[in-house]
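Written below as structure tokens is the structure these notes are about.
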Amino acid sequence: MSRLLCLVLLLAASARADVSEGTLTSSLPEYHAQDANAAVVTDANLLDSERFWPYQVALTRDWRPSGRAQPLGPDASGVLVRVEASGMARVDFGRDGLYEVPVAATDLVSRANRIRLGELAKLAPNFLLAIAPRLVDSASDSLRPYAFASATEGSGFLCVFADPDSKGFASLAAALAPLHGQHGVLTILFPQGTHPDAQVRERLRSLKWPVPFVYDHLSEAYTRSLLNEANSPPTLLLQTKDGRVLFQAPARIAAVRELTAKLAEEFGAGTAPTPVADRRNQR
């Protein structure tokens, strides 16, 4: 597990390096998270201040996770997966593990305020930056990456963690198909099990559910990073572009009605954005 989590950390870091070197700069829309007039970020409003969440955080004091003999020191840094509703920060420390850490033991609030004031750069929403370069375009006639620019246009992400060869997957895909691109929310499949990318692509196309999916060799690591022990696959996870969880439930057809209502509640106010799939077809 630690090796996989380390891979996530390294890949996320490389994505940031690619952007800074210009490889993805042309695909990234202009993004300004800073807002000096916004309320100062505190522990109390951190969950609602996601636009200021830093991509990485570091410990500010020794902190020992449960079950670990030695504490992690102030030099330990990792990728912020998200702030939980409990107020804890879910942080991927790579080889040192994935933990829910007390915010007070990190520099999360300090970094958030630096982003708010424009003192610390934030290239894009956190989850978007981490996941967009790791997607395969199943709608394409050939096996190729999903266009980073298309992912940036989404207003949120519906993450589906399921085995494409499992019993009931076809029915789940049919139930979720109408939601792809609804209110601008992009559906992403995190394939469970071991399946060649070409096989997953053909499976999705055969079901007429050509949603982007995470590369097979990365899916397990991202699944472990995003899901806690109480929510094992198959699971549905509705997230903002920064990774704040809006809805989570077992990936069953019975949950789709509740998910549809949550989509409308969170993303459907006012004039709904043009569905992502439609915008791609207009190009």
Side-chain angles (χ1 to χ4, degrees), residues 127-128 131-132 134-147 150-151 153-227 231-241 245-268 272-281:
F127 184 71
L128 168 67
I131 204 66
R134 317 301 172 206
L135 300 177
V136 183
D137 187 356
S138 67
S140 172
D141 290 333
S142 59
L143 195 65
R144 68 180 185 186
Y146 187 76
S150 295
E153 295 174 352
S155 54
F157 294 93
L158 170 57
C159 303
V160 181
F161 302 84
D163 186 335
D165 284 346
S166 64
K167 181 179 180 181
F169 183 80
S171 297
L172 178 65
L176 292 174
L179 302 184
H180 180 46
Q182 192 171 115
H183 305 301
V185 175
L186 181 68
T187 300
I188 298 173
L189 175 67
F190 291 73
Q192 303 301 294
T194 302
H195 308 284
D197 296 325
Q199 179 181 314
V200 176
R201 172 182 166 275
E202 289 307 316
R203 175 64 166 158
L204 294 176
R205 289 168 67 87
S206 71
L207 295 175
K208 296 181 171 55
W209 192 46
V211 300
F213 63 94
V214 177
Y215 284 101
D216 174 72
H217 68 285
L218 299 176
S219 186
E220 182 181 356
Y222 275 108
T223 296
R224 291 181 174 178
S225 182
L226 293 168
L227 299 184
N231 295 280
S232 58
T235 294
L236 302 174
L237 187 67
L238 180 63
Q239 300 188 144
T240 65
K241 295 170 77 168
V245 175
L246 303 172
F247 176 87
Q248 189 164 262
R252 298 174 185 151
I253 296 176
V256 175
R257 179 178 296 182
E258 186 179 355
L259 171 60
T260 302
K262 193 64 177 177
L263 273 169
E265 175 188 338
E266 296 288 347
F267 299 100
T274 303
V276 174
D278 291 352
R279 286 201 296 270
R280 293 180 68 215
N281 291 336

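Residues: numbered from 1 along the sequence shown. Small disclaimer: the values here were computed from a predicted structure and weren't measured.
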Nearest-0.5 Å distance that lies between atom CZ in Phe213 and atom CZ in Arg201: 8.0 Å
Identified side-chain contact (heavy atoms from CB on, under 4.5 Å) counterpart of Leu189 within the set Leu176, Val136, Val200: Val200
Thr260 side-chain N/O to Val256 backbone N/O, donor-acceptor pair under 3.5 Å: yes
Any donor-acceptor pair under 3.5 Å from Asp137 side chain to Arg144 backbone: no
side-chain contact (heavy atoms from CB on, under 4.5 Å) between Val160 and Leu236, worked out: CA-CA 5 Å; Val160 181; Leu236 302 174; 3.9 Å; yes
Parallel, tilted or perpendicular, as decided by the 30° and 60° cut-offs, for the rings of Phe161 and Phe190: parallel
Closest contact, heavy atoms only, Ala255 versus Pro250: CB-O, 3.7 Å
Pairwise distance CZ(Phe157) to OG1(Thr240) - rounded to 0.5 angstrom: 9.0 Å
side-chain contact (heavy atoms from CB on, under 4.5 Å) evaluation trace for Leu246 with Phe267: CA-CA 11 Å; Leu246 303 172; Phe267 299 100; 3.6 Å; yes
Leu204 and Pro164, any side-chain heavy atoms less than 4.5 Å apart: no
Lys/Arg-Asp/Glu bridge criterion (N-O < 4.0 Å) met for Glu258, Lys262: no
Non-neighbouring partners of Gln192 that pass side-chain hydrogen bond (donor to acceptor under 3.5 Å, both in side chains), sequence neighbours left out: Thr223
Distance, nearest 0.5 Å, that separates CZ of Arg205 from OG of Ser140: 7.0 Å
Shortest non-hydrogen contact between Ser219 and Pro191, atoms and distance: OG-O, 2.8 Å
Test log, rule side-chain contact (heavy atoms from CB on, under 4.5 Å), inputs Asp165 and Gln199: CA-CA 10 Å; Asp165 284 346; Gln199 179 181 314; 3.2 Å; yes
Gap between atom CD1 of Ile131 and atom OG of Ser225 - 0.5 Å precision: 9.0 Å
Validation row: Tyr146, Ile188 side chains within 4.5 angstrom (heavy atoms): no
Worked verdict on Gln239 versus Leu226 for side-chain contact (heavy atoms from CB on, under 4.5 Å): CA-CA 10 Å; Gln239 300 188 144; Leu226 293 168; 3.8 Å; yes
Where Ala162 and Leu172 come nearest, the two heavy atoms and their spacing: CB-CD2, 4.3 Å
Side chain proximity check, Leu186 to His180, heavy atoms < 4.5 angstrom: yes
Donor-acceptor under 3.5 Å (Arg134 side chain, Tyr215 main chain): no
Lys/Arg N to Asp/Glu carboxylate O, Arg203 vs Asp163, below 4.0 Å: no
Side-chain donor-acceptor contact under 3.5 Å, Asp197 with His217: no
